[in-house]
Amino acid sequence: MLKRTHTCGALRKSEVGKEATLTGWVASRRDHGGLVFIDLRDRYGITQVVFNPEYGKELHEKAGELRAEFVVAVKGEVRERPPGTVNPRLPTGEIEVYAKELNILNRSEIPPFEVEDRANVSLEHRLRYRYLDLRRPTMQHHLIFRHKLCQLIRQYLDSQGFVEVETPFLTRSTPEGARDYLVPSRMSHGAFYALPQSPQLFKQLLMVSGMDRYFQIVRCFRDEDLRATRQPEFTQLDMEMSFVEEEDVMAIIEGFMAEVFEKLLGKKISLPFPKLSYQRAMELYGSDAPDLRFGLTIKEITDLARESEFRIFREAIERGGFVRGLNAQGCSTFSRKEIDELTGFVGQHGAKGLAWFKVEDGGLSSPITKFFGQGLQAAIKERMEARPGDLLLFVADREKIVHQSLSQLRLNLGRRLNLINNEEYCFTWITDFPLLEFDETLGRYVSIHHPFTSPKLEDIPHLEERPHEVRARAYDIVLNGVELGGGSIRIHDQALQQRIFRLLGMDDETAKKRFGFLLEAFKYGAPPHGGIALGLDRVVAMLLGLDDIREVIAFPKTQKASCLLTEAPAEVDEQQLKELGLKLL
RNA sequence: GGGGCCGUAGCUCAAUUGGUUAGAGUACCAGACUGUCGAUCUGGGGGUUGCGGGUUCAAGUCCCGUCGGCCUCGCCA
């Protein structure tokens, strides 16, 4: 077999006159009857190979057999291309290889779709033939970029004293949080491992071990419904540090992000990242992951709406709801149809309606203006900072619905009105999350972050009396409206951890059964510690300007969590079930 | 679990109100062609309209079910 001397991206004018052997796939063939041109592709690039009939009849006939995706080795002379035939779109476009010898290493059936970046193929077919999809230069770039990011992570965290430690995939189920993927035990019938939703408890135990600074690029598993940004198995950059407070964890991430942007994107970002409290974020943006590349903040008019004659507003307020809205500047030209579309849009997010006013020179114009007196209209205009030509949009409902619908409406308008600069990267830390949230269906409090998150020290005294007011030492990092990750300072005190379990409605016996190993470990000198985990797939996607993490995962799953390539999940043999002591219902 | 969109040639799509032989681009095959690079020109092959049932004189089109893909709400500590 011919061994390659260069890759398909390597040859330049400086190699003209030399002999070279290239290997790769036939990307395209242009057969002129006499001259035959082949674009040869490998991971490194594309080089044009020329077959001239004057170099031998046999060679030329063999070249005529070539088809798309054949695997070949070609030996020949590197020549400068004749004047006027240089291809400026290829880095190798000034040269070509004049073939003297051709080995067809493997043939290919006609591929189900063309292996080209511009090919427009459904995700279904791309996943079914992922190995062909991944042959496309764009997809190779995504995977290589991801690899480079991982290299950078290891290099940076190593320089900061972090140690990479692997933690088990076969572990025990912890019912708090997402649904677990279960693995039956052959040794102990009726018992199951769970695949980790994150290595949370192990990394805390590593802190008790004195590892001091830990990280891991690790697969996590959650058996929940999928989205473009959610896969059942995904990768986290997981970190934990001892003897730290919030600022220490944030500083590491900020330093890391600055390095990533500089080395991978050639961009400077300003440090430190701004901080926004959860409460403020919800007030202004209705979301704990706001896109700060544009303003269009939410304004409160509940107090004014209470004074109106508008029944829908008044009833919503009487039921304990709120009236809040957005000022879509310059949008009074929106047609009735456009406003109906917006109404339908907020309807998808739970709002029962969308009240609107067009701002005119005199007052407000709308079918419901008659329910608002002159003074009230003026007050609303002032509150909304409205000027003639603006469109005011309001939702009246329970707070959760108001938040959801207005935050989505804000994003919708931001895109529609071109308020978003795609070149901009707006990082922010969201801080001071509530520790707990009352779950109506469970009839008890649940952790917002996870049960190992420390409450703020000053809130600990009223943990039991006013649990909903207790704030957590938790923080999320948000970039352009996408939550990249989150973390917290953990509880390292056994007694406090036990109090939290009790608040979550877990009796001591259950807590001991589920988390006894952690409580026990805390008895033997657990240092104060905290950490963070970033969704690596999301980070890679964001950095590449993509909104679908399937573009940066080699073999992702479909929305039904199946793999179109391997057809997993699949049935297993009766014998396998028997060994596991399982029977299908 | 709820709502929505889609499934037609290898691929990406079209097909009027339900109406004659289901088309286009590309890919593929054959021929021609010595400077192309999304080659060009000429010709050709290619369809159980996802699957099953129903309505109708007549179904790619309408209805029911089912399978698959996507989006979305819930869910995702």
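The basis for the numbers below is simple: all heavy atoms, side chains too, and nothing from hydrogens, waters or symmetry mates.
Taking atom P on both B:C6 and B:C13, the two are 12 Å apart, rounded to the nearest angstrom. Comparing the P positions of B:C67 and B:U26 gives a spacing of 38 Å, expressed to the nearest Å. Separation of the P atoms belonging to B:U20 and B:G31 is 38 Å when rounded to the nearest angstrom. Nucleotides B:A15 and B:C62, compared at atom P, are 12 Å apart to the nearest Å. For B:C70 and B:C63, the C1' atoms lie 24 Å apart once the distance is rounded to whole Å. The P atoms of B:A59 and B:G52 are separated by 15 Å, rounded to the nearest whole Å. B:G60 and B:U16: their P atoms are spaced 12 Å apart (whole Å). On the P atoms, B:G35 is 48 Å away from B:C51, given to the nearest whole Å.
Listed pair A:Ser122 / B:U12 meets the phosphate criterion, a side-chain N or O lying under 4.0 Å from OP1 or OP2. Within the structure, a side-chain polar atom (N or O) of A:Gln559 is placed less than 4.0 Å from OP1 or OP2 of B:C71. Within the 4.0 Å cut-off from OP1 or OP2 of B:G74, not a single side-chain nitrogen or oxygen of A:His349 is found. A:Ser562 has a side-chain polar atom (N or O) that falls below the 4.0 Å cut-off from OP1 or OP2 of B:G69.
The minimum heavy-atom distance between A:Asp42 and A:Cys8, with the atom names listed, is OD2-N, 2.9 Å. Residues A:Pro451 and A:Ile491 share a closest heavy-atom pair of O-CD1, 3.9 Å. Across every non-hydrogen atom of A:Gly93 and A:Arg81, the tightest pair is O-NE, 3.2 Å.
Not a single donor-acceptor contact under 3.5 angstrom links the side-chain atoms of A:Arg550 to the base of B:G69. Residue A:Arg230 places a side-chain atom within donor-acceptor reach of the base of B:C76, judged by atom type and a 3.5 Å distance cut-off alone.
Judged as a side chain to side chain donor-acceptor pair (under 3.5 Å), the pairs with a partner in residues 557-566 of chain A (not counting sequence neighbours) are, in order, A:Glu233-A:Lys557, A:Thr558-A:Ser562. Counting only residues at least two apart or on different chains, the side chain to side chain donor-acceptor pair (under 3.5 Å) pairs with a member in residues 400-410 of chain A are A:Arg324-A:His403. For residues 497-509 of chain A, the side chain to side chain donor-acceptor pair (under 3.5 Å) pairs, not counting sequence neighbours, are A:Glu464-A:Arg499, A:Arg502-A:Asp508, A:Asp507-A:Thr510.
Here B:A22 sits opposite no nucleotide as a Watson-Crick or G-U wobble pair (both hydrogen-bonding atom distances under 3.5 Å). When Watson-Crick and G-U wobble pairs are counted only if both distances are under 3.5 Å, B:G38 pairs with no nucleotide at all.
Between A:Asn120 atom CG and B:U12 atom P the separation is 7 Å, expressed in whole Å. When the C1' atom of B:A9 is taken as reference, atom CD1 of A:Ile110 falls 13 Å away, rounded to whole Å.
At a threshold of 4.0 angstrom between heavy atoms, the contacts of A:Leu564 are confined to the sugar-phosphate backbone, with no base atom among them. Contact annotation for A:Ala228: backbone-only contact, meaning every heavy-atom pair under 4.0 Å involves sugar-phosphate atoms and none involves a base. When heavy atoms are screened at a 4.0 angstrom cut-off, A:Arg67 is found touching the sugar-phosphate backbone but no base atom.
Separation of atoms CG (A:Leu22) and OH (A:Tyr44) is listed at 12.5 Å; rounding is to 0.5 Å. Once rounded to the nearest 0.5 Å, the distance linking CZ of A:Arg219 with CG of A:Asp238 reads 14.0 Å.
When the nearest nucleotides of RNA chain B are assigned to A:Val446 and A:Lys560 by heavy-atom distance, the more 5′-ward of the two goes with A:Lys560.
With sequence neighbours excluded, no residue forms a side chain to side chain donor-acceptor pair (under 3.5 Å) with A:Thr171.
Taking the six-membered ring wherever Trp is involved, the centroid distance between the rings of A:Tyr193 and A:Phe169 does not fall below 6.0 Å.
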*Which letter, B, S or -, goes with each nucleotide of nucleotides 32-37 of chain B from 5' to 3', with contact meaning a protein heavy atom under 4.0 Å?*
-BBBBB

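With a 4.5 Å cut-off on side-chain heavy atoms, A:Cys220 and A:Gln236 count as touching.
Taken residue by residue, residues 486-505 of chain A places no heavy atom nearer than 4.0 Å to RNA chain B.
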